[in-house]
Amino acid sequence: MSSTWSPTVRRRMFCLLLAGGLTLGVTACGSDSGDSTGTGGKVKITVTGQPPTSQPFERSVFDADVKEFEETHPDIDIEPHEGFMDPKTFSAKLAGGQLEDVYYVYFTDPAQIISRRQAADITEAAKSLKNFNDIKPELLDNFRSADGRLYGLPTMNYSLGLLYSRPLFQKAGLDPNKPPQTWDEVREAAKKIAALGNGTVGYADYSKNNQGGWHLTGWLYSMGSEVARKDGDKWVAAFDNDKAKAALNQLRAMRWDDDTMGSKQLLEAQDVQRMMGAGQLGMYMAAPDNVPVLVKQFNGKYEDYGVAGMPGGQGTLLGGEGYMINPKASPEKIKAGLEWVRWKYLNPERFEKHVQQYVDGKQPVGLPAEPTPDIWQGAVRDQQLAVKAKHANVPAENFQSYVDTGSRIKGSIEPPNAQQVYAILDSVMQAVLTDRNANIDQQLSSAESKVNGVLAQVK
């Protein structure tokens, strides 16, 4: 059974579709599975993250890793559980004592989990992890409390950029090796692409199912704006400003003045991916993990796509995933759980082998995404890039602009109660893209008032 999205894209989209976001109960939580040891004195830990059988390649890699880990760590027994983070069932698992010892989270989750003491403090235990200091500090910060204590580890991240069609750039007289670096350049490129005719769309964007609000957040960050900011000990909306108005006016100009976004609106990911795969779309905002989706699900070719850094260079939306530890886990389980996460996801010594798994499985290598997520800094990042370049089976040079920009652009994580915020911002995107006369000032003012109500719930 095939999937429309890659594992990372699908998990992110699933989270976006839940307008209510993650509602965590305050009931005491923990795993009541017994003592720390399994059979033969082993420490037994339950872990989430096993891909479903509908993803045979990812499942085979995960299961092989479990087997190898247990062989190299004879004192630890892994009990894998299928699945990732399901906000609809998370609260029930907490309340029922069924939460795994090591559990997967989106970057939008840790703040609430930490504030409700639903994760183990791993500050001291993590200090002894090999290569801990090589992880990008801004990613670790997503798992820290206000007083700097650490409660989880990042294992994957993405940032939004500009995905574009190299063939359409060439047909429109644009240089596919010099993608747009500003939104004004995007606008001009969109005009030339749309002028090709035959229903070709220059630039497309999402505007429903929380995906519009998610992308509008990307627009705001690219303009140097915020969505929310901390005011003392509370969060407040921070997007009713000139930078947000500039972003929305840019969208309105492309949609209505230039007619480069097409007449069909209220689009979501699958709509836009289908257009790109069919060769009918020039550009859209996306992370690199969209590229395999275009190839596997929409008949695209790797050599036909490029990904540039976020236009404007003032910022981009940063997201990702990681793992946290059950707060009732014993010290032995915490140690074993951290070693599993380190060995499986944060292990430079396995770069070569992990990449080879993808090569052998005829999976893409060379994208700024799996199997080499960009979570590292310094010499380890250089080591990872060298391994990926050595085994690249897709044109990695098509994505160099994104890689170069990622090393210098500011990445900001999603706002608190992100899904509820995105649901409100959806309406702003919809108004601008479906109504030529939409009042942008009024839309921003109304949305900010509603978002303040959502942020008032953040504790």
Side-chain angles (χ1 to χ4, degrees), residues 159-207 212 215-216 218-224 243 246-265 267 269 271-288 290-291 294 298 300-317 367-368 395 397-406 408-409 429 432-433:
S159 60
L160 292 177
L162 183 73
L163 197 155
Y164 62 98
S165 166
R166 292 176 63 87
L168 288 182
F169 264 54
Q170 291 177 317
K171 290 178 182 178
L174 300 164
D175 186 347
N177 295 320
K178 295 181 180 179
Q181 296 185 20
T182 67
W183 284 113
D184 285 340
E185 290 178 1
V186 170
R187 182 179 178 184
E188 292 307 309
K191 290 178 183 178
K192 294 180 179 180
I193 293 168
L196 294 172
N198 298 318
T200 304
V201 173
Y203 177 85
D205 221 325
Y206 310 158
S207 56
H215 269 204
L216 180 54
W219 272 89
L220 297 178
Y221 288 174
S222 78
M223 295 287 191
K243 293 177 179 179
L248 291 168
N249 276 312
Q250 182 85 351
L251 272 167
R252 177 161 66 182
M254 289 194 291
R255 168 68 175 97
W256 298 105
D257 298 343
D258 305 341
D259 192 23
T260 58
M261 296 184 67
S263 59
K264 182 180 179 181
Q265 294 300 321
L267 305 174
D271 302 315
V272 173
Q273 290 165 348
R274 186 175 293 108
M275 293 163 63
M276 181 64 79
Q280 293 297 109
L281 173 63
M283 299 169 284
Y284 72 102
M285 187 187 296
N290 268 232
V291 176
L294 296 173
F298 297 101
K301 299 178 181 178
Y302 284 109
E303 59 267 27
D304 285 350
Y305 306 114
V307 182
M310 183 69 90
Q314 297 185 59
T316 187
L317 190 155
L367 295 166
E397 63 273 12
N398 291 2
F399 316 105
Q400 192 60 44
S401 171
Y402 175 90
V403 174
D404 292 343
T405 303
R408 62 177 183 267
I409 195 171
M429 286 286 275
V432 170
L433 295 177

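Since the model is a prediction, treat every value here as computed from it, not as a measurement. These values consider heavy atoms only, across backbone and side chains, with no hydrogens, waters or symmetry-generated copies. Here, residue 1 is the first one in the sequence, and each next residue gets the next number.
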Closest non-hydrogen atom pair between Gly218 and Leu317, with its separation: N-CD1, 4.0 Å
Interatomic spacing from CE in Met429 to CG in Asp205 - rounded to 0.5 Å: 4.0 Å
Could you list the donor-acceptor pairs under 3.5 angstrom formed between side-chain atoms of residues 303-315 and any protein atom two or more places apart in sequence or on another chain?
none

Side chains of Pro180 and Met283 in contact at under 4.5 Å (non-hydrogen atoms): yes
Derivation of the side chain to side chain contact (heavy atoms under 4.5 Å, CB included) call for Met261 and Leu251: CA-CA 9 Å; Met261 296 184 67; Leu251 272 167; 3.9 Å; yes
Crowding at NZ, Lys192 (>12 non-hydrogen neighbours, <6.0 Å): no
Reported CG-to-CE distance for the pair Leu162 and Met285, which is rounded to 0.5 angstrom: 8.0 Å
Note, Asn290 side chain near Gln273 side chain (heavy atom, < 4.5 Å): yes
Side-chain donor-acceptor pairs of residues 166-176 under 3.5 Å, sequence neighbours excluded:
residue	atom	partner	partner atom	Å
Arg166	NH1	Pro176	O	3.2
Arg166	NH1	Asn177	OD1	3.3
Arg166	NH2	Asn177	OD1	3.0
Asp175	OD1	Asn177	N	2.9

Nearest atoms (heavy-atom pairs only) where Gly197 meets Thr200: O-OG1, 2.7 Å
Rounded distance (nearest 0.5 Å) linking atom NZ of Lys264 with atom CG of Leu433: 14.0 Å
From Tyr402 atom OH to Ile409 atom CD1, the distance as rounded to the nearest 0.5 Å: 9.5 Å
Beyond-backbone contact of Leu294 with Leu163, side-chain heavy atoms, under 4.5 angstrom: yes
Atom pair CH2 (Trp183) and OH (Tyr203), whose distance is rounded to the nearest 0.5 Å: 4.0 Å
Counterpart residues, salt bridge (charged side-chain N to carboxylate O under 4.0 Å, His left out), relative to Arg187 (two or more places apart): Asp258
Straight-line distance of Leu367 CG to Tyr302 OH, nearest 0.5 Å: 6.5 Å
Residue pair Tyr284 / Met275, side-chain heavy-atom distance below 4.5 Å: no
4.5 Å side-chain heavy-atom contact, Thr260 and Ile193: no
